[in-house]
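One structure is given here, and the rest of the page talks about it.
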2 protein chains.
Amino acid sequence: MADRNAKLQSASAYQRSTIRDVATKAGVSVTTASRALNGTGRMSEETRERVRAAAAELDYRPNSIARGLVQQRSFTLGLLTNDTYGRFTLPVAAGLSAAMADRGVSVFLSAGKYEPESLKLNLGAMEEKRVDGLVITGKRIDRGLPIDLPPLGMPVVYVYASAPEGAVSFVPDDINAAKDAVRHLAGLGRRKIAHITGPLDFKAAHLREAGWRAALAEAGLEPFGEAIFSAWTEAHGYDTAHALIEAGERPDAIFCGNDQIARGVIDAFALMGIRVPDDIAIVGFDNWEVFAKATRPPLTTVDMGLPGLGRSAGLALLDMIDGKPVEPGARETPCRLVVRQSCGAKTD
Amino acid sequence: MADRNAKLQSASAYQRSTIRDVATKAGVSVTTASRALNGTGRMSEETRERVRAAAAELDYRPNSIARGLVQQRSFTLGLLTNDTYGRFTLPVAAGLSAAMADRGVSVFLSAGKYEPESLKLNLGAMEEKRVDGLVITGKRIDRGLPIDLPPLGMPVVYVYASAPEGAVSFVPDDINAAKDAVRHLAGLGRRKIAHITGPLDFKAAHLREAGWRAALAEAGLEPFGEAIFSAWTEAHGYDTAHALIEAGERPDAIFCGNDQIARGVIDAFALMGIRVPDDIAIVGFDNWEVFAKATRPPLTTVDMGLPGLGRSAGLALLDMIDGKPVEPGARETPCRLVVRQSCGAKTD
DNA sequence: CTGAAAGCGCTTACAG
DNA sequence: CTGAAAGCGCTTACAG
């Protein structure tokens, strides 16, 4: 039992085999072993196979620390985030780390407040670990780091955050996503489409509003009142839904700036006896499933494709690390409307 | 502009200074420079200071890859998770990585399904990166990895997951958390306390039910009916709330197995005109703030202290890495009741 | 086709 | 108190 614990707990008595061991066992030099394993150089297929077999038998794992030291690459990336909530970061991180794993690259998660002090600590750690590149994420597309990034000597990519001029960044295509959502409602015959969304100082709120206006114009419709900007919360949706109904003339559809607002709206309507989607259709934004699937009825909403964003960012970063030229600027990646029942589309 | 992009994008032309540069600048040997910077060895304070100044001037960052190679430690940890949702993982990861950052240790995030194939890929990556230890997380306390961990030669700690015998693990103290929640309700004068919770095959559901029973017994109360086990969803709470009311005699409080169930219950009551907490008090479990703060009224609920769990696990792992003995077994870490308004306590 | 040797940037006995 | 030298585990010119 003491033995078993020791085994489970520590590295003692466990000696990993090195490339020397492999070379010796295969009867070749370390040079040849290295080349055989990496598929470089030219050698007889027989030799290569013999080395591979020796490696397999010894359960050899190349030490990427040693390789990193000579190649001046660590095969690691840093992911910096201030979203401890996890709403945006985890999907991005999952997409990023899956795409990187296939390429032998691992991702450090560095989560903390974006305050100069903790940021300095975290950036310093990434520097000492000699990450090959950095992905900087945020909770909103119009905020970046509160400090100027010191010269890091490594490529950087921004995801769902604002980036300095000349940098490479990835953000969802909010405008077109909003257009698609509103087109969908118009296509279902809705004519009085209102918009309830987040705070005025969020760029995402403005982009989504612009998309709403553009799609209405396209369909020859007037906006149903002005967009109503406030917090990204259920309470905002709830209160605004009440106000809207009390004000008199009703919309026949509401495009909400996020799923939480949509949830508040739907809950308010349920209490008022207004039927969704029969009386008023609702579309949200985020496809935060724990909300979108739990509303009654389930919510039609925009999915921003966060894992894809992480993946694209990672691939671009890898290119930059390899010295390939990458066009600077913000890439707006497409979103996708997920049709459930709150919009009144027939789903069968 | 091309220059600026090159600077932002690549490492070319950026040469980091090494300990040799520092030594040369300070007029000492590399040996002395190393010792000065690490605070080891004995030397005049003046020399140490001179080396430090040289390092600062050169903006020297020790290369932890090189250090790792000689010390046979990478100062990294791996965090394995299958919770792509982020509900449990991100708080744990945040607590873990913050505690580790203070100690110069960085954390690899390895997220993916717990299927043998992808698990093998991810474990292999952690082995090649020579992480010093592994934190294995899950989405439920009674499920671990679907494969036997191969001998890794590194310490492992489990968090919010089931662990093999002899391993070190950390789970929330579900029983006592449930007891506290129910005691709180009893203390407020509630006498008919029902329990609606998750699936029968979740250990957490059983532990919370046991806590409910124990606290009732302690207070000399009978359980209000049997606990109602089903999905961890709003729909379950919603439907069960209806069924409960239609069945006749009402409870005066419901302890819910998670916040989503509580949310469903509260929503159903709102529609039925039953007042929370006046008619029936509600307590949840998870303190998932996006739910708990958005219910009307805001939800009293149990916080599992996930960041603390991550932190404790990391510290234990560090001890194991340092060869200190760590008692095997499951540590049940205390939870905390967050009192809001759904329980009817006066909060002022 | 194969190998001896140098070197990546550090730490740490060992010797003074 | 200080330093020359060896070595961590690899890769890669260089030479045959």
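Letters A, B, ... are given to chains in the order of the sequence lines, protein chains preceding strands, and every chain is numbered from 1.
Residues B/M320 and B/D132 are not in side-chain contact: their nearest non-hydrogen atoms beyond the backbone lie 4.5 Å or more apart.
Between A/D83 and A/K139, no side-chain nitrogen of the basic residue sits less than 4.0 Å from a carboxylate oxygen of the acidic one, so the salt-bridge criterion is not met. Ion pairing between B/E127 and A/R61 holds under the 4.0 Å rule for side-chain N and carboxylate O.
Note that CG of A/L309 and OH of A/Y160 are 9.0 Å apart. Values are rounded to the nearest 0.5 Å.
Of the P atoms belonging to D/dT2 and D/dA6, the separation is 23 Å, rounded to the nearest Å.
No hydrogens or angles considered: nothing links the side chains of A/S34 and A/T31 as a donor-acceptor pair under 3.5 Å. In summary, the side chains of A/R143 and A/N82 do not present any donor paired with an acceptor at a separation below 3.5 Å, with no hydrogens or angles considered.
For the contact set between residues 39-48 of chain B and DNA chain D, defined by any heavy atom under 4.0 Å, the members are B/R42, B/M43, B/S44, B/T47.
Contacts classified as ring-ring contact (aromatic ring centres under 6.0 Å, His included) and involving residues 37-84 of chain B (residues at least two apart or in different chains) are not found.
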Please list, for nucleotides 6-10 of chain C, all pairs of protein and nucleotide N/O atoms separated by less than 3.5 Å.
| from | atom 1 | to | atom 2 | distance (Å) |
| --- | --- | --- | --- | --- |
| C/dC8 | O2 | A/V70 | N | 3.3 |
| C/dG9 | OP1 | A/Q72 | NE2 | 3.3 |
| C/dG9 | N2 | B/A66 | O | 3.2 |
| C/dC10 | OP1 | B/Y60 | OH | 3.2 |
| C/dC10 | OP2 | B/I19 | N | 2.7 |
| C/dC10 | O5' | B/Y60 | OH | 3.1 |

Name the pairs: protein N/O against N/O of nucleotides 14-16 of chain D, kept only if under 3.5 Å.
none

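More than 12 heavy atoms of other shown residues, nucleotides or ligands fall within 6.0 angstrom of atom CZ in B/R103.
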* Structure fact -> Per-residue pairing states of DNA chain D in dot-bracket (Watson-Crick or G-U under 3.5 Å; . unpaired, | other strand) read |||.||||||||.|||
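Contacts of A/R311 classified as side chain to side chain donor-acceptor pair (under 3.5 Å), with partners at least two apart in sequence or in another chain: none.
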